[in-house]
Amino acid sequence: MNYKPLGRTGMHVSTISFGAWAIGGSWGTVNDDDSMRALHAAIDAGINFIDTADVYGDGRSERLVARLKKERPSDTIWVATKAGRQLPVQTLSGYSRANLTTWVDASLARLECETLDLLQLHCPHPDVYDHAEVFGFLDDLVAAGKVRHYGVSVETVDEAMRAIR
């Protein structure tokens with residue numbers, strides 16, 4: 001397996017990651033034992049980076065990743081989770097301090113950890129990119145020790161460029 005630095009995070013992650021969307025079970029029947037076998041096989045193959053989200057199976061995916069980390073305590077496993085898709089409608093006002101804190105606290109509980117390695121806003125409303133206060137809320141979560149690093153999961157190149165700015 002090859003590993004590369006993930007931006008300026010200090011994390012060296014496998015160039016192949018484990019996408020945990022399917023183990024959430026929202027899009028079909030999934031057996032947790034099969035999911036755990038797949039997660040263990042990924043770690044055995046050298047994968048050390050798992051991508052999940054609070055909405056993958058309404059947290060089921062995050063709970064399975066927590067179980068994996070308990071079963072593999074000596075392995076370095078970096079977890080990226082996402083938040084924001086629980087909003088019934090994507091709006092700038094949905095990305096409030098209260099909502100972000102609630103989402104982060106819920107992911108921390110499901111992942112059974114004190115700090116999220118990487119939190120990504122999950123394809124937020126495009127107006128989010130132009131409102132520094134949202135990123136200030138995320139800075140505050142970093143300062144509180146709840147989040148190590150944050151970023152944005154995007155759907156278009158334009159959104160990526162706006163997020164970079």
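What you are looking at is a predicted structure, and each value in this text was computed from that prediction instead of being measured.
Annotation: side chain to side chain donor-acceptor pair (under 3.5 Å) contacts of D158 (sequence neighbours excluded): none. A search for ring-ring contact (aromatic ring centres under 6.0 Å, His included) contacts involving F49 returns nothing, not counting sequence neighbours.
In this structure, the side chain of S61 engages the main chain of A20 through a donor-acceptor pair within 3.5 Å. Of the possible donor and acceptor atoms, one in the side chain of H149 sits under 3.5 Å from a partner among the backbone N and O of T9. Side-chain atoms of N31 come within 3.5 Å of backbone atoms of D33 as a donor-acceptor pair (strictly under, hydrogens ignored). Listed for the N48 side chain is a donor-acceptor partner under 3.5 Å among the backbone atoms of H12. Between the side chain of Y3 and the main chain of G46, a donor-acceptor pair closer than 3.5 Å is present. Of the possible polar contacts, none joining the D54 side chain to the S107 backbone as a donor-acceptor pair under 3.5 Å is found. One N or O on the side chain of H125 and one on the backbone of D127 form a donor-acceptor pair closer than 3.5 Å. At least one donor-acceptor pair closer than 3.5 Å links the side chain of R85 to the backbone N or O of C123.
Linking ILVMFWY residues whenever their side-chain heavy atoms come closer than 4.5 Å, directly or via other members, leaves W78 and I47 in distinct clusters. Note on I164: it clusters hydrophobically with V157, by side-chain heavy-atom contacts below 4.5 Å among ILVMFWY residues. Follow the hydrophobic side-chain contacts under 4.5 Å out from L100 and you reach V154 in the same cluster. Cluster membership check: L68 does not share its hydrophobic cluster with W21, using side-chain heavy-atom separations under 4.5 Å among Ile, Leu, Val, Met, Phe, Trp and Tyr.
Between R37 atom CZ and D32 atom CG the span is 10.5 Å, to the nearest 0.5 Å. Atom CD1 of I77 is separated from atom CD1 of I50 by 5.5 Å, given to the nearest 0.5 angstrom. Atom CD1 in I23 sits 4.5 Å away from atom CG in L64 (nearest 0.5 Å). E133 contributes atom CD, which lies 6.5 Å from atom CG of L92 (distance to the nearest 0.5 angstrom). For the atom pair CG of L6 and CG of D117, the computed distance is 10.0 Å after rounding to the nearest 0.5 Å. A distance of 11.0 Å separates CD of E112 from CZ of R67, quoted to the nearest 0.5 Å.
Side chains of V128 and V152 form no contact here, defined as non-hydrogen atoms less than 4.5 Å apart. You'll find the side chain of V104 reaches within 4.5 Å of the side chain of L108, heavy atoms only. When side chains are defined from C-beta on, V147 does not count as touching L138, because their heavy atoms never get closer than 4.5 Å. Here the side chains of T81 and V65 are not in contact, with every heavy-atom distance at 4.5 Å or above.
Closest approach of L116 and L111 over heavy atoms only: CD2-CD1, 3.7 Å. Closest approach of Q120 and A80 over heavy atoms only: NE2-CB, 3.7 Å. Nearest heavy atom pair, residue S153 against residue P124, reads O-CD, 3.8 Å. The shortest non-hydrogen separation linking G145 to T115 is O-OG1, 2.6 Å. Of all non-hydrogen atoms in S14 and I16, the two that sit nearest each other are OG-O, 2.6 Å. Contact detail for T101 and K146: the closest heavy-atom pair is CG2-NZ, 4.1 Å.
A ring pair (Phe, Tyr, Trp, His ring centres under 6.0 Å) with Y95 is found for one member of Y129, W103, F137 and no other, namely W103.
Atom CG of D139 has more than 12 neighbouring heavy atoms from other residues, nucleotides or ligands inside a 6.0 Å radius.
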Go through V79 and K69 one step at a time and tell me if the side-chain contact (heavy atoms from CB on, under 4.5 Å) criterion holds.
CA-CA 10 Å; V79 179; K69 289 188 78 167; 4.0 Å; yes
Mind running salt bridge (Lys or Arg N to Asp or Glu O under 4.0 Å) on K82 and D51 for me, showing each step along the way?
CA-CA 8 Å; K82 295 181 283 301; D51 172 77; 2.8 Å; yes
Full working for salt bridge (Lys or Arg N to Asp or Glu O under 4.0 Å) between R72 and D44
CA-CA 10 Å; R72 304 292 289 251; D44 290 342; 2.9 Å; yes
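Under the 3.5 Å distance criterion, with hydrogens and angles disregarded, no donor-acceptor pair is assigned to the side chains of T52 and E62.
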